[in-house]
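Numbers for residues simply follow the sequence, beginning at 1. Just so it is clear, the values below take in all heavy atoms, side chains as well, and ignore hydrogens, waters and symmetry mates.
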Amino acid sequence: MLVVMKTQATPEEIQAVCDYIEQLGFRAHPLPGAQRTAIGITGNKGEVERGNIEALSGVAEVIRVSKPYKLASRDVKEEDTIIRFPGTDAAIGGRNIAVIAGPCSIESREQAFAIAEKVAASGAQFFRGGAYKPRTSPYAFQGLGLEALRIMADIRSRFGLRIVTEAIDSESLVLVAEWADVVQIGARNMQNFSLLKKAGKLRKPVLIKRGLSATLEEFLMAAEYVMSEGNYEVILCERGVRTFTDHTRNTLDLSIIPAVQRTSHLPILVDPSHGTGRRDSVLPMARAGIAAGADGIIVEVHDHPEKALSDGPQSLYPEQFATMMDELEQIAPVVGRNLPRGIQVEAVRA
Ligand code: PEP
Ligand code: MN
């Protein structure tokens, strides 16, 4: 159910409606919009007695939301969600294209800093790097863990880049939330519902990668899990799905971009690295992703991909990343967007 407040409803009236909903044993999710505030109701098994709510002061109407995803749905929030990073001009969603770049895994301080310097010089605003790696083989490199989180925090201090890194379980979630700016939930965990709920208790943006065979509805339901716990800062990411193709590692399903934008207000990024698995396909698919209307790109970059401990074959050389930025900057205005080059960080006052 969705309670639509009148345009002129006061903060007190909004609060009173939330209190009433919570008293009934449900959860109230106030969703401020440009024109008016809406309040999502979750936790109800059946229909909520709408008459009593409609009678409350400041309420315009009470609507039934028929979709299984409620808070993630555009029916509940019409305006696009924009996620901002306090103290910086960076944002995910909105007019600006977000670029998240860096190695698949943090392998050493030297490796991470060398790559961060290059991607920052090309104008990325976000740095990615795995500290905890979900690997197909238990014998493959599993990540440096906390040491990698510390390295990335130093990269943020040095270059201003905001940090995106994956949490693979409850333990790493706590650490990633403490050290990073965006918590990534990987494709293999997209339906790890207990992890999603825990991510929903955080007050940090959560980037959810589409599962290897997830439908649009399953993808949005993963977002709903996070939002149902009160964390509304969710970013979706298309990273390729399993098909019969043998020319790429996965099939990057760019057609999900307009589908997500039709049904949800959440930002959607494209990962052309995992989406193709091939360096030579990354740039064309990054261009296509932005042309298709994605809110940004997450891309793997390595200065010595032949020596990379994970995903070397799909990692761009830093020079290729620079070219990608130049090309995306040209494509962005064609689709009414802008690619900012570099991040502005407010000086911290002593
Ligand atoms: C990654 O970003 O390095 C990663 C493991 O992604 P995914 O979960 O999409 O495979
Ligand atoms: Mn990877």
State, yes or no, whether a side-chain contact exists between [X] and [Y] at a heavy-atom distance under 4.5 Å.
X: Glu166; Y: Pro134; value: yes
X: Val182; Y: Ile235; value: yes
X: Ile298; Y: Cys237; value: yes
X: Lys6; Y: Val59; value: no
X: Met325; Y: Val99; value: yes
X: Leu254; Y: Val270; value: yes
X: Met227; Y: Val234; value: yes
X: Tyr132; Y: Leu173; value: no

Could you report the tightest heavy-atom contact between [X] and [Y], atom names first, then the distance?
X: Phe219; Y: Glu238; answer: CZ-N, 4.5 Å
X: Pro267; Y: Ile83; answer: CG-CD1, 4.2 Å
X: Arg95; Y: Gly336; answer: NH1-O, 2.8 Å
X: Leu252; Y: Pro272; answer: CD2-CA, 4.1 Å
X: Pro205; Y: Phe85; answer: CG-CE2, 4.0 Å
X: Arg64; Y: Met1; answer: CG-SD, 3.8 Å

Is a side-chain N or O of [X] found less than 3.5 angstrom from the main chain of [Y], in a donor-acceptor match?
X: Ser73; Y: Asp75; answer: yes
X: Arg135; Y: Ala140; answer: no
X: Arg74; Y: Gln261; answer: yes
X: Glu54; Y: Val62; answer: yes
X: Asn231; Y: Lys204; answer: yes
X: Arg210; Y: Gly240; answer: no
X: Thr88; Y: Ala90; answer: yes
X: Glu300; Y: Ser273; answer: no
X: Arg84; Y: Ile82; answer: no
X: Lys133; Y: Cys104; answer: yes

Please indicate whether [X] has more than 12 foreign heavy atoms, meaning atoms of other residues, nucleotides or ligands, lying under 6.0 Å from its [atom1].
X: Gln142; atom1: CD; answer: yes
X: Arg50; atom1: CZ; answer: yes
X: Arg341; atom1: CZ; answer: yes
X: Glu78; atom1: CD; answer: no
X: Gln35; atom1: CD; answer: no

Does a donor on one side chain sit under 3.5 Å from an acceptor on the other, for [X] and [Y]?
X: Asp326; Y: Gln330; answer: no
X: His274; Y: Asp311; answer: yes
X: Lys77; Y: Thr81; answer: yes
X: Glu107; Y: His302; answer: yes
X: Arg278; Y: Gln314; answer: no
X: Thr243; Y: Thr251; answer: yes
X: Ser172; Y: Asp169; answer: yes

Is it possible for you to say whether [X] and [Y] belong to one hydrophobic cluster, with membership spreading through side-chain heavy-atom contacts below 4.5 Å?
X: Ile155; Y: Leu309; answer: yes
X: Tyr20; Y: Met5; answer: yes
X: Ile185; Y: Leu149; answer: yes
X: Tyr69; Y: Leu207; answer: no
X: Leu161; Y: Phe113; answer: yes

Looking at [X] and [Y], does any basic side-chain N land under 4.0 Å from a carboxylate oxygen?
X: Lys70; Y: Glu224; result: no
X: Asp295; Y: Arg337; result: yes
X: Lys201; Y: Glu229; result: yes
X: Asp271; Y: Lys209; result: yes

- prompt: Hey, what do you get for CG (Leu175) to OG1 (Thr165), rounding to the nearest 0.5 Å?
  reply: 11.0 Å
query: Got a second to check how far Gln111's CD is from Leu144's CG, nearest 0.5 Å?
result: 8.5 Å
field: Verdict with supporting geometry, Gln15 and Asp19, side-chain hydrogen bond (donor to acceptor under 3.5 Å, both in side chains)
entry: CA-CA 6 Å; Gln15 189 57 50; Asp19 291 345; 2.9 Å; yes
- request: Identify the residue among Leu31, Ile14, Val4 that makes a side-chain contact (heavy atoms from CB on, under 4.5 Å) with Ile39.
  value: Ile14
query: Please walk me through it: do Phe127 and Val164 pass side-chain contact (heavy atoms from CB on, under 4.5 Å)?
result: CA-CA 6 Å; Phe127 184 74; Val164 181; over 6 Å; no
- request: With side-chain contact (heavy atoms from CB on, under 4.5 Å) as the test, would you mind laying out the steps for Asn96 and Gln125 before giving the verdict?
  value: CA-CA 11 Å; Asn96 282 352; Gln125 294 188 317; 5.8 Å; no
task: Evaluate the side-chain hydrogen bond (donor to acceptor under 3.5 Å, both in side chains) criterion for residues Thr248 and Thr276: first the C-alpha distance (whole Å), next the side-chain angles of each, then the deciding distance (0.1 Å), finally the verdict.
output: CA-CA 5 Å; Thr248 50; Thr276 64; over 6 Å; no
message: Determine whether Ile297 and Leu328 satisfy the following criterion, side-chain contact (heavy atoms from CB on, under 4.5 Å), listing intermediate values before the conclusion.
response: CA-CA 10 Å; Ile297 297 285; Leu328 297 187; 3.9 Å; yes
side-chain contact (heavy atoms from CB on, under 4.5 Å) between Arg156 and Val345, intermediate numbers included: CA-CA 10 Å; Arg156 175 177 46 221; Val345 182; over 6 Å; no
Ring centres under 6.0 angstrom apart (His29, Tyr232): yes
